[in-house]
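Please read the structure below before turning to the comments.
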Amino acid sequence: MEATRYRAPRAADLIATPMDEIVALFHHASGITHLVASPVPELLEALADRWMSAAEIEETFDILDGDRQDLVALLEELAVTGLIEQA
């Protein structure tokens, strides 16, 4: 079975405005502004217009012995909000 892959929209499709420890993200496609905190902006940057699996994301962020279930839960939550796609 092939692993689920995730992709964020192109960076140009999001407007990010830092606000202290949170970031306001305006998503052009939906017209919705999302308030997010780290690691969401970093994940979106890594996934910008590029498909990656959870294992590849862990490797990109040097997550060693991490809890993949937490990462996958976050990715699925981002997919529900429309900030990323999954396939």
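Note that the structure is a prediction, hence the values are computed from the model and not measured. FYI, the numbering just counts along the sequence from 1.
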Taking every heavy atom of A54 against every heavy atom of L71, the minimum-distance pair comes out as O-CD2, 3.7 Å

What's the shortest heavy-atom distance between P9 and L83, and which atoms? CD-O, 3.0 Å

Exercise: identify the closest heavy-atom pair between A11 and A48: N-CB, 4.1 Å

Can you confirm whether more than 12 heavy atoms, excluding those of E77, are under 6.0 Å from its CD atom? no

How close do E56 and M52 get, heavy atom to heavy atom, and via which atoms? OE1-CA, 3.1 Å

Say you draw a straight line from CG of L35 to CD1 of I22; how long is it, rounded to the nearest 0.5 Å? 4.5 Å

Nearest heavy-atom approach of Y6 to L47 is O-CD2, 3.5 Å

Distance col, row T17:OG1 vs L25:CG, nearest 0.5 angstrom, shows 8.0 Å

Report yes or no: do L43 and I15 belong to one cluster of Ile/Leu/Val/Met/Phe/Trp/Tyr joined by side chain heavy-atom distances under 4.5 Å? no

Measuring from atom CZ of R5 to atom CD1 of I84, what distance do you get when rounded to the nearest 0.5 angstrom? 12.5 Å

Does some side-chain heavy atom of P41 sit less than 4.5 Å from a side-chain heavy atom of V36? yes

NE2 (H34) and CG (L14) are apart, to the nearest 0.5 Å, by 8.0 Å

Just by distance, with hydrogens left out, do S38 and E42 show a side-chain donor and acceptor under 3.5 Å apart? yes

For the residue pair L74 and V40, establish whether any side-chain heavy-atom pair is separated by less than 4.5 Å. yes

Approximate separation, where rounding is to 0.5 Å, of Q86 CD and L75 CG: 8.5 Å

Within one Ile-Leu-Val-Met-Phe-Trp-Tyr cluster: V72 and F61, side-chain cutoff 4.5 Å: yes

On a heavy-atom basis, which atom in H27 and which in S30 lie closest, and how many Å separate them? ND1-OG, 3.0 Å

Supply the atom-to-atom distance D49 CG to D13 CG, rounded to the nearest 0.5 angstrom. 8.0 Å

